[in-house]
Each structure stands twice: as structure tokens, then as C-alpha cells.
Amino acid sequence: MAFNLKACLAMICVFLGCCSNVVFLELIIKIDPGAGNLITFLQFLFIALEGLIFTSKFFTVKPKIAMKDYVMLVVLFFGANVCNNYAFNFNIPMPLHMIFRSGSLMANMIMGIILLKKRYNLRQYSSVGMITAGIILCTLMSSGDVKDNTHHSLKVETSFSDSFWWCVGIALLAIALLVTAYMGIYQEVIFKRHGKHPNEALFYTHMLPLPGFLVMASNIAQHWSIAVASESVSLPVPGLNWSLSFPLMFFYLLCNVITQYVCISSVYVLTTECASLTVTLVVTLRKFVSLLFSIIYFRNPFTLSHWLGTVLVFFGTILFADVLNQLLDVYRIRCQRRFDTAPTSAEYSRL
């Protein structure tokens, strides 16, 4: 098999970009847990500006996919991102957030059964059952230690308990999970109709929703003020006798936005260069590494029950993708090549 440098670089960038993005996200959340809308807006703005310059070339390149086909995709993408990031405002810890988002296969199966009338085999149903059990277990364990994490400048007294707002956060994550699954199905339909245009899709799905942030303008302004008022850091300027001072949260936001672009663009490249098996393995391993780093470095509480739930989620994902059988097929075909025995076309099709 020929060495694919582009795919290899994409894998490295997925790990570097996505893992470091989670780190900077958690650093931001530690300062201001309610900054979800600000984070989402800055990510969309950065990726839209990059696409405007390099993909659309200031709208001089005609899109391959019609704008009317992008409308539903944009609404779904915008809604899922806002729900995911806004959930931090409702006492959701980072490890639970990552585990919950790892349940995408469960949501995809539900949407496949409802919308596409798909049928799955026993292995797939079993794997999704494991994922569901793992998420439920981690959710129940996290419900016992719910704390109000709202920034001190925005705390308000309400008649609802912290546990109620935590349930709202869980509901937002569940909605985002289902919306993302439906978006994947809708995206498949669009790509089958018009072909795959990942850079164009990346640009328009981030550019078109920007007016929607006007609805959240006051919330974004509030959290921008918190970012401005955060602890200042100074960096010496080489060759000069003065230093550059700026709020620490600005640095975290900038790094989060850049790493988010590296992460999402690398995943797009990976899906066009590699088989779904490879993509599943890389993304699953990346999520697990991010989770481990979050637990160890940020010392997030994680019990034995949390670990059991995590193992169920990630092993269920591997089982659903039938990774073990496909790896055995790859090994068997390579052994056949070594003995100059050509594999059948059916064997190739499984890779």
C-alpha cells in the first residue's frame, strides 16, 4: 500500500489540533463557564474569514452546491454547535461533555432507523447498547456532584436548583447529539447529489450562520467583557525594551479558534483521503486521549464508575465499526501478498 503523506499529515493535525483545542476550551471554561456563545461566534468568524479569502476568493468562485441546499445544513450545524458549547453554562463538567459527544453512533442509529428505515445486525445493536449504557452510567455518576459554575459577575438567584440547570445542560447535549446525527444524514444526501466539496461546505456552513449570532449579541458582549477583565499576562518583545500585555483569556480564545480550524479542516481531509475504518479509529483514539488529558492534567473528578462508562462508550464505538475484523482482513491480505497470493475483489472492497 502506497504511503499517503496527505493522510498522515491529516492524522497528525487531527491529534494536535483537536486535542489542543479541548485543552484551550477547558482553560477558557475554568475562567468563564458561560463563554460558549462567545467561543462559537469566534470559531465561526475565523473559519468564515479564512474561507472567504482562500476558498470563495471573495465570492468570485461560484459554489458547486446551491445555496438552498445549504440552508437546512447551516441551520442544523449552527444549532448543534450552539447547544454543545452553551451546555457548559449549565454545570456540565468537561469529561461528561466529551463522553456524551462520543455517543454520536447511538444518535446516528436512531436517526437511521426513523428516517431511512435502516436495519442493523446484532453486533451493531449490541455496540450501541454498550454506548448508551456507558453514557447513562457516566451521567448518573456526574449527577451526584453538581455545582453552580456560573462566573461570579453573572450569578443570579433563581428558584431552581443547581441540579435542575444541570438537567437543562444534559438536555442540550442530547438535542445536539440528535441534531448532529440528522445533519450527517442530510449532508450525505447533498454530497450524493452534488459531489463532495469539503472546503466549500466548511466555508458556507460557518459564513451563513453569522447573522444568527445577533440574537446572542448581549450574551456575547457580556462574556467578552469578562475576557477583557481576565488576568493580564506580559510577553517581552524581542529586540525592544518593552513587553506586550494582554488579557490571558484573549490568548486562550485565539488558540482555541486556531486549533478548532486545524481540527475540523483536518477531519475533512481525513474523510476524503482514508477509509471510514481509519477515520473511526483516529477520531475515537483522539477523543480518548483528550479525555485522559482532561482527567489527569485538570484533575477532574473521575470515579471507577466513570471509567467503566468510558470503556463501554469507546469499546462500543470500536465494536460498531467492526474494527477488529477489518484489521484481521488487512493482516490476512498482507500475508497473502507476501506469498504472492492475490486477494479477491471482495476482500479489497472491505478495506
Side-chain angles (χ1 to χ4, degrees), residues 21-46 75-103 135 138-180 206 209-210 212-231 247-250 252-257 259-260 290-291 294 298 300-301:
N21 177 256
V22 172
V23 172
F24 288 113
L25 176 61
E26 187 148 6
L27 288 169
I28 295 168
I29 297 303
K30 292 285 184 185
I31 299 173
D32 180 14
N37 289 334
L38 174 63
I39 295 168
T40 308
F41 170 68
L42 292 177
Q43 288 175 348
F44 274 56
L45 182 63
F46 180 85
V75 170
L76 295 171
F77 185 70
F78 177 73
N81 275 273
V82 169
C83 285
N84 274 322
N85 283 340
Y86 199 56
F88 287 117
N89 205 34
F90 297 95
N91 311 330
I92 301 296
M94 178 64 81
L96 179 61
H97 192 278
M98 286 191 280
I99 292 168
F100 222 97
R101 293 186 68 177
S102 298
I135 291 174
C138 288
T139 303
L140 290 175
M141 291 302 104
S142 298
S143 66
D145 187 29
V146 178
K147 297 176 183 176
D148 183 8
N149 58 7
T150 309
H151 191 270
H152 63 86
S153 66
L154 300 177
K155 282 186 184 290
V156 292
E157 294 295 327
T158 70
S159 57
F160 299 105
S161 66
D162 293 341
S163 295
F164 170 81
W165 294 117
W166 176 84
C167 290
V168 173
I170 293 295
L172 284 173
L173 289 177
I175 291 169
L177 205 58
L178 293 172
V179 169
T180 301
H206 285 81
L210 286 178
F213 286 102
L214 290 173
V215 179
M216 310 168 194
S218 60
N219 179 270
I220 292 172
Q222 278 183 328
H223 293 282
W224 179 258
S225 299
I226 292 173
V228 172
S230 64
E231 175 190 355
L248 179 61
M249 197 165 160
F250 277 13
Y252 291 158
L253 285 167
L254 177 63
C255 291
N256 177 267
V257 166
T259 53
Q260 172 68 7
S290 297
L291 181 62
S294 176
F298 291 101
N300 286 305

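Scope of the values below: all heavy atoms of this structure, side chains included, with no hydrogens, waters or symmetry mates. Nothing fancy with the numbering, it's 1 onward along the sequence.
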What are the two closest heavy atoms between Cys138 and Ile99, and how far apart are they? SG-CD1, 3.6 Å
Side chains of Leu254 and Phe24: closer than 4.5 Å at any heavy-atom pair? no
In this structure, CZ of Phe41 is separated from CG of Asn219 (nearest 0.5 Å) by 12.5 Å
So, for Val257 and Gln43, which heavy atoms are closest and what is the spacing to 0.1 Å? CG2-N, 3.9 Å
Any side-chain heavy atom of Ile39 within less than 4.5 Å of one from Gln260? no
Using the test side-chain hydrogen bond (donor to acceptor under 3.5 Å, both in side chains), find all partners of Ser294 that sit at least two apart in sequence or belong to another chain. Glu26, Asn300
Full working for side-chain contact (heavy atoms from CB on, under 4.5 Å) between Phe298 and Leu27: CA-CA 9 Å; Phe298 291 101; Leu27 288 169; 3.6 Å; yes
Suppose we screen for ring pair (Phe, Tyr, Trp, His ring centres under 6.0 Å). Which residues come up paired with His206, at least two apart in sequence or across chains? Phe44, Phe77
How far apart are the closest heavy atoms of Met98 and Leu291, and which atoms are they? CE-CA, 3.7 Å
Correct closest heavy-atom pair for Gly103 and Leu177 would be O-CD2, 3.7 Å
Search all heavy atoms of Ala176 against all heavy atoms of Asn84 and return the closest pair with its distance. CB-OD1, 3.4 Å
Residues forming a side chain to side chain contact (heavy atoms under 4.5 Å, CB included) with Val215, sequence neighbours excluded: none
Are Tyr252 and Ile31 close enough, and set up right, to give a side-chain contact (heavy atoms from CB on, under 4.5 Å), and what steps lead you there? CA-CA 10 Å; Tyr252 291 158; Ile31 299 173; 3.9 Å; yes
Tell me, do Phe88 and Leu25 make a side-chain contact under 4.5 Å, heavy atoms counted? yes
Short question: side chain of Ser230, backbone of Met249 - any donor-acceptor pair under 3.5 Å? yes
What pair of heavy atoms forms the shortest contact from Ile28 to Ala35, and how long is it? CG2-CB, 4.1 Å
Suppose we screen for side chain to side chain contact (heavy atoms under 4.5 Å, CB included). Which residues come up paired with Ile175, at least two apart in sequence or across chains? Cys83, Val179
Passes side-chain contact (heavy atoms from CB on, under 4.5 Å), Trp166 versus Leu96? Steps please. CA-CA 11 Å; Trp166 176 84; Leu96 179 61; 4.0 Å; yes
Could you tell me which residues satisfy side-chain hydrogen bond (donor to acceptor under 3.5 Å, both in side chains) with Asn21, sequence neighbours excluded, listed by chain and number? Thr259
Go through the structure and list residues passing side-chain hydrogen bond (donor to acceptor under 3.5 Å, both in side chains) with Asn81, not counting sequence neighbours. none
Reported CG-to-CZ distance for the pair Leu42 and Phe213, which is rounded to 0.5 angstrom: 9.0 Å
Only one of Ile92, Asn37, Val168 passes side-chain contact (heavy atoms from CB on, under 4.5 Å) with Tyr86, and that residue is Asn37
Donor-acceptor pair, His97 side chain versus Asn85 backbone, under 3.5 Å? no
Is there a side-chain contact (heavy atoms from CB on, under 4.5 Å) between Trp224 and Phe250 once you walk through the steps? CA-CA 9 Å; Trp224 179 258; Phe250 277 13; 3.6 Å; yes
Pairwise side-chain contact, Trp165 with Asn89, heavy-atom cut-off 4.5 Å (strictly under): no
